[in-house]
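Structure first, commentary second.
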Amino acid sequence: MPHLRNRVRLVLPVLLLFAFYWPGLTTWFYQDDFGWLNLRHDVQSAGDLATALFAPKAHGNMRPLGENAYWLGLSSIFGVEPLPFHLWTFATQSASLLLLGAIVSQLTAWEWGGLSAQLLWLVNIGLAPAMAWSSIYNQVLSALFFLLAFYLLLRAIESGRRAFEIAHWAAFVLGLGALEINVVYPALAVIYAWFWARAWVTRILPMFAISAATVAVHFFFAPVSQSGVYAPRLDGEVAATLFTYWRWVVGPMPLAAAVILLVCATALIGWGARHGDCVPLLGAAWFLLPLLPYLPLPDHKMDYYLAVPALGIAILGTSALATARSFAAPLRAGVYLAIALYAARSAQASWATVIWQHARAEKVEDLVLGVEEVRRVAPGKIILLEGVDTDLFWSGVADLPFRAKGLASVYLAPGSEQKIQASPELLSKYILPAAIALRAGGRAAVYRFDGHALHEAPGRSAQWKDDEARFVNLGDPVFADYTGEGWDAASNASRRMQSRATLRIGGPRTASERLYLGVFETRDVRPVVRVNGVECAPVVVHGDNDLTEFRVTLPSQAAGVKLLDVTIESPRPLLFGYAEVR
């Protein structure tokens, strides 16, 4: 087994990693990043820390290392500063490249095998998104634990030392906390052991029990989605999804070229099996096994899901290059041409991806830092934003970047819903009701974003209608006129009710509208709700992570009423986020 310290050439791709993906180092935060940056605001005690680390988060995922610890640790130290996050990602990827080089050097017994695999993985389009978007660091960490566990397995088999076997198990278990796809690692290890060290198969089999237990625990605390893009489907779409990922992973090529490469890869596996070379089969396993958890999700195909499976393509490509040395000249030239075409097209697509991410994040950076500057100059202002389009809303507003920066009372200006494509029930939570903006007078200031900077835009209020607020953000003092007795002071974008509290909210415009209450509570609780003195039974609409939304059917007397009086009672304190009539 080649020791890492004895392979200086394998360090070259680490330098190329920084040279090729350098725009990722200067890419600002965007989209889901802000949701993770806000995680630190939810930790106020040791109990909160345990919840933040281990409780299911977005889409029911449980990734204590790949997401929670990464974001909590770095954001607690560096705040909203992207460079440390990117440096950590690049350091993790550098370690993975070194491990891959050492592994493939042994598998192929070829002096240049390690370097070849490193380069083929480095340029792959599946890896590119993670080098600029911190939200998918879990993909990079998952690959590290896959490679580390496999490297330690090779060392354990080679040396027979118990310490390497224990380390192999530790790397496998830690990988389960990085990303759920790491449960397939035992299958990969067994395939290798079956062909190269069959006596080790029985020593690897207990890992399957750990993987099964991990899956059971995951689905116990985060049941499978029954609807939406995360609802799994085992049907004919699985094969189509797999072929889509194949087309993506070999680079942006015509359909015919992707099919030819698939045929060639299959032929390489068959040729290797006939000649006692199982490296191509192992490469195919590296591609297919980490993809298995994603294949039942045909409506949620993502290129970054290929970060780990792309390792298989790197191994297959390197095996083809190593094997081609014994081919006739025309066939050898064909192999070299195919690999060169893959590398060139993949590098082009990966570079374009990173540049696009950088440009998208730059616009978000201009907006958020512009708001921060406005807040510094005018600390008491309610900031209303114009000029936010659909893309900027989803990449730089929807995930609460201003909360991540500690900037309160920042909203979209009334009327912004006409320029943004999003559901009305979502947009209403970001737009300040016109009634509050009008009553705030000089405290509310409108700023127009031109794509690069904010400019004050006075005189907009003449276009607003003085309707009562039909959305009340209970966690923002700006809405204090709509909160009555029984509430604690607003804190951390929420407001606590001890046992009984009241609020006011704009009445329904149509008989089909309902009252919705967002409560930061996941336990079974049924508050008593009265609207204009009439008791109304709340119904749970959905529970997502730490928020439960209740729907309240309004009494018939509420029709046509401009302002509703709402009373809420609960046997135990509840933490509220919002109330809305829609």
Side-chain angles (χ1 to χ4, degrees), residues 23-24 26-38 58 80 82 129 132-136 229 300 302-304 352-375 378 381-405 407-434 436-437 444-465 469-471 473 476 478 578 580 582:
T26 58
T27 299
W28 216 67
F29 297 115
Y30 70 92
Q31 209 164 310
D32 295 3
D33 292 348
F34 300 113
W36 292 113
L37 287 167
N38 283 321
V80 187
W133 190 20
S134 296
S135 282
I136 50 177
V229 297
H300 196 261
M302 293 291 167
D303 55 359
Y304 58 79
T353 296
V354 174
I355 292 298
W356 175 81
Q357 289 176 302
H358 187 279
R360 190 182 194 202
E362 188 174 37
K363 185 177 291 188
V364 178
E365 179 183 15
D366 291 339
L367 174 66
V368 176
L369 297 188
V371 169
E372 185 178 40
E373 176 63 17
V374 170
R375 173 63 73 233
K381 291 284 188 181
I382 300 172
I383 300 174
L384 304 178
L385 300 175
E386 285 188 347
V388 174
D389 57 17
T390 299
D391 183 67
L392 185 55
F393 172 77
W394 288 110
S395 61
V397 175
D399 290 287
L400 307 178
F402 308 115
R403 183 182 179 225
K405 291 289 288 185
L407 304 170
S409 302
V410 182
Y411 292 90
L412 298 177
S416 295
E417 64 274 9
Q418 300 174 10
K419 302 176 182 179
I420 299 174
Q421 294 179 7
S423 62
E425 57 267 27
L426 175 67
L427 270 178
S428 62
K429 296 174 176 59
Y430 298 88
I431 298 174
L432 188 70
I436 295 179
V446 179
Y447 291 86
R448 179 179 55 81
F449 183 65
D450 64 3
H452 300 283
L454 288 171
H455 306 275
E456 194 164 6
R460 295 291 199 267
S461 59
Q463 308 169 17
W464 302 340
K465 295 181 180 179
R470 301 170 72 249
F471 172 79
N473 183 356
D476 191 341
V478 168
Y578 62 87
E580 182 177 13
R582 63 175 191 265

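Keep in mind that the numbers below use all heavy atoms, side chains included, and drop hydrogens, waters and symmetry copies. Only a predicted model underlies this, so the values are computations on that prediction, with no experimental measurement involved.
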In sequence, state the C-alpha distance, the side-chain angles, and the governing distance for V410 and L385, and then conclude on side-chain contact (heavy atoms from CB on, under 4.5 Å). CA-CA 8 Å; V410 182; L385 300 175; 4.0 Å; yes
Evaluate the side-chain hydrogen bond (donor to acceptor under 3.5 Å, both in side chains) criterion for residues D33 and S134: first the C-alpha distance (whole Å), next the side-chain angles of each, then the deciding distance (0.1 Å), finally the verdict. CA-CA 7 Å; D33 292 348; S134 296; 4.8 Å; no
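By the side chain to side chain donor-acceptor pair (under 3.5 Å) test, T390 is found to be paired with no residue, residues two or more places apart in sequence or in another chain being considered. Judged as a side-chain contact (heavy atoms from CB on, under 4.5 Å), and not counting sequence neighbours, the contacts of N38 are H41, L400, R403, A404. When the side chain to side chain donor-acceptor pair (under 3.5 Å) test is applied to D476, the partners found at least two apart in sequence or on another chain are S409, Y411. Residues passing the side chain to side chain donor-acceptor pair (under 3.5 Å) test with D391 are R360, sequence neighbours excluded. Y304 meets the ring pair (Phe, Tyr, Trp, His ring centres under 6.0 Å) test with no other residue; sequence neighbours excluded. A search for ring pair (Phe, Tyr, Trp, His ring centres under 6.0 Å) contacts involving Y430 returns F393, not counting sequence neighbours. Listed by chain and residue number, E580 satisfy the side chain to side chain donor-acceptor pair (under 3.5 Å) test with S428 (two or more places apart in sequence, or in another chain). Judged as a side-chain contact (heavy atoms from CB on, under 4.5 Å), and not counting sequence neighbours, Q418 has no contacts. Applying the side-chain contact (heavy atoms from CB on, under 4.5 Å) rule to V354 yields the partners Y21, P23, A128, A132, Q357; only residues at least two apart in sequence or on another chain are considered.
Rounded to the nearest 0.5 Å, atoms CG (D450) and NE2 (H455) are 3.5 Å apart. The CD1 atom of I383 sits 8.0 Å away from the CG atom of L454 when rounded to the nearest 0.5 Å. Annotation: the span from T353 atom OG1 to H358 atom NE2 amounts to 14.5 Å, rounded to 0.5 Å. Taking CG of L412 as the start and NZ of K429 as the end, the distance is 13.5 Å to the nearest 0.5 Å.
Considering all non-hydrogen atoms of both residues, D32 and D399 come closest at N-OD2, 3.7 Å. Nearest heavy atom pair, residue W394 against residue Q421, reads NE1-O, 3.3 Å. Nearest heavy atom pair, residue L367 against residue G396, reads CD2-O, 4.2 Å.
Residue pairs meeting the salt bridge (charged side-chain N to carboxylate O under 4.0 Å, His left out) criterion with at least one partner in residues 366-375, sequence neighbours excluded, are E372-K405, E373-R376.
Contact annotation: the side chain of V368 never approaches that of Y30 to less than 4.5 Å [non-hydrogen atoms, C-beta and beyond].
K363 places no side-chain N or O within 3.5 Å of a backbone atom of A359 that could act as its donor or acceptor partner.
Under the 30°/60° scheme for interplanar angles, the aromatic rings of F29 and F34 are found to stand perpendicular.
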